[in-house]
Number of protein chains: 2
Amino acid sequence: MTQATSTRRRSGPSKGDLREAAILDAARRLFGEQPYESVSIDDLARAAGLSRTGFYFYFRTKGAVLTALMSRYWETLGASHVWFDSDGPSRELLREQLRSSAYLWREHAGVMKCAPTAVATSSELRDFMTRVKSRQDERASDKISRDQRDGTATTSIAAPRLAEMISAIRDARYTQLANASDADLEAAVEDIAEAIQRLVYGG
Amino acid sequence: MTQATSTRRRSGPSKGDLREAAILDAARRLFGEQPYESVSIDDLARAAGLSRTGFYFYFRTKGAVLTALMSRYWETLGASHVWFDSDGPSRELLREQLRSSAYLWREHAGVMKCAPTAVATSSELRDFMTRVKSRQDERASDKISRDQRDGTATTSIAAPRLAEMISAIRDARYTQLANASDADLEAAVEDIAEAIQRLVYGG
DNA sequence: CTCGTTTTCGACAGCGTGTCAACTTTTCTG
DNA sequence: CAGAAAAGTTGACACGCTGTCGAAAACGAG
């Protein structure tokens, strides 16, 4: 009756929990194989072993499934913000932070690539992405502000703008990482780190 | 008979030409008022003064209308690439080029903002945007390569990567320009110019 | 006026979504 | 272990949007 809410079932992995996991699993696979738009709720349901109508017992929309997947990944990612939490142009920490996000991105590239277009049709995902992005940008902006106050970062571009530029550069490059080799990935990290260094600290 | 192709009608502005213009006009208005997805072909047709089915005589899809609008704007823009055609870090030319694109973006913000999401459903628009972007990036990359050879630009990031970073930064900022004042616009140009300067020439 | 072209439209078929009430299965409780 | 409540499942239905077709209406030159 309390359809598709989080505090629904009580003990152990009931049949429903398994079904929900099956849907998420099917989504992970299907979203990777074909464009998000061309995957119907019917596809998702059948791939998870139930009829289309059954899907609605677990999720309200297709976008809700994608949001559920994304939120897991971003949760993992939130922990590895070592550079944001540091002071000054610590190149090594910057590289480390970028590296972990890059690897996570590549691992879930199939799902990640759906976000830009899915945002158009799912207000749920749109809200989620907006929240994630502003939280992320805020942390970057705070770090840069700190360094500007300390005199280590240049000041001719305001911290929030620099933060936006950094996410733009990062996201654009990550998008190309779908089938990248480890070497490609390291090169991307290196490029982005160098760019951030130049933008924020001036070389 | 040659429905919805470019070489359809032959002489003068026949009734059909006016209808086509009316559809484009309606689209410009509607896409600005509501999200692209929520505008149906029926909305477009009725706003242009004909029935839904009549629409298909002029355009094959909704995406084709958007593509037609976009291609006009990009054509205008292609002419103002003064910085790409120059040599060295000519800050003034860079500002000039950015300024003209920024103003054009703001003027057509209602339509421009549709592109990212419309690309998901219209292969026609997707192809167009891909072509435009790669042509643009290529010109930027060529300019930077030249400067790298001449020793005016730094070389630790490859020219094509720098070009990608520049478009990413530019596009991200332009997206926020919908209802911007002239001052906002100039500030954006200044920020982007400064960022490019640092990325390409190292300060 | 008249014939061929251009333009318009209603009818139809298809697909994906979301809701509903009825039905079956599982789980809890006395 | 019975019996009720909750969880889970389903087919039928209504809806909205898309795209096609063929017939009809408006148009324009000869």
Side-chain angles (χ1 to χ4, degrees), chain A residues 1-24 26-27 30-31 34-67 117-118 120-125, chain B residues 1-24 26-27 30-31 34-67 117-118 120-125:
Chain A
M1 195 121 300
T2 52
Q3 277 201 7
T5 65
S6 48
T7 59
R8 183 153 27 91
R9 289 170 301 281
R10 46 195 74 160
S11 67
S14 65
K15 191 177 176 187
D17 288 322
L18 296 176
R19 283 281 207 227
E20 185 170 327
I23 293 176
L24 288 170
L30 291 178
F31 290 160
Q34 22 178 330
Y36 174 78
E37 290 72 31
S38 75
V39 177
S40 71
I41 289 182
D42 192 62
D43 293 335
L44 244 37
R46 296 210 178 281
L50 36 71
S51 73
R52 188 181 67 85
T53 323
F55 170 91
Y56 292 100
F57 185 78
Y58 297 99
F59 295 97
R60 269 191 10 282
T61 64
K62 194 171 56 160
V65 180
L66 186 57
T67 307
T117 76
T121 49
S122 166
S123 61
E124 189 164 355
L125 183 64
Chain B
M1 194 126 298
T2 52
Q3 275 202 7
T5 65
S6 48
T7 60
R8 183 156 26 92
R9 289 172 301 284
R10 45 196 73 163
S11 68
S14 62
K15 192 177 178 187
D17 287 322
L18 297 176
R19 283 282 206 226
E20 185 169 327
I23 292 175
L24 287 170
L30 290 178
F31 289 160
Q34 20 177 332
Y36 174 79
E37 290 73 29
S38 75
V39 178
S40 72
I41 289 182
D42 191 63
D43 294 334
L44 244 36
R46 297 211 178 281
L50 37 73
S51 72
R52 188 179 67 84
T53 324
F55 171 92
Y56 292 100
F57 184 78
Y58 297 100
F59 295 96
R60 266 187 18 284
T61 63
K62 195 172 56 161
V65 179
L66 186 58
T67 307
T117 76
T121 50
S122 166
S123 62
E124 190 164 356
L125 182 65

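Sequence lines set the chain letters: A, B, ... in the order given, protein chains first and strands last, and positions in each chain run from 1. Values in this document were obtained by computation on a predicted structure and should not be read as measured data.
Of the inter-residue distances, the one linking L18(A) atom CG with I23(A) atom CD1 reads 11.5 Å to the nearest 0.5 angstrom. Between the CD1 atom in I41(B) and the CZ atom in F59(B) there is a gap of 11.0 Å [rounded to 0.5 Å]. To the nearest 0.5 Å, the span separating CG on D43(B) from CZ on F31(B) amounts to 9.5 Å.
As rounded to whole Å, 15 Å separates atom P of dC21(D) from atom CZ of F57(B). Here dT26(C) presents its C1' atom at 13 Å from CG of L18(A), a figure rounded to the nearest Å. Atom pair Y58(A):OH and dA7(D):P shows a separation of 11 Å (rounding to whole Å applied). Atom CD of E20(B) is separated from atom C1' of dT6(C) by 14 Å (rounded to the nearest Å).
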Anything under 3.5 Å between a protein N or O and an N or O of nucleotides 17-19 of chain D, put it in a table, one pair a line.
from: dT18(D); atom 1: OP2; to: I41(B); atom 2: N; distance (Å): 3.1
from: dG19(D); atom 1: OP2; to: Y56(B); atom 2: OH; distance (Å): 3.4
from: dG19(D); atom 1: N7; to: R52(B); atom 2: NH1; distance (Å): 2.8
from: dG19(D); atom 1: N7; to: R52(B); atom 2: NH2; distance (Å): 3.3
from: dG19(D); atom 1: O6; to: R52(B); atom 2: NH2; distance (Å): 2.4

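Relative to the side chain of L50(A), the nucleotides dT10(D), dA7(D), dT6(C) differ in distance, and dT10(D) lies closest.
In this structure A120(A) satisfies the side chain to side chain contact (heavy atoms under 4.5 Å, CB included) test together with E37(B), T117(B), sequence neighbours excluded. Annotation: side chain to side chain contact (heavy atoms under 4.5 Å, CB included) contacts of R46(B) (sequence neighbours excluded): D42(B).
A donor-acceptor pair under 3.5 Å links the side-chain atoms of K62(B) to the main chain of V39(B), judged by distance alone.
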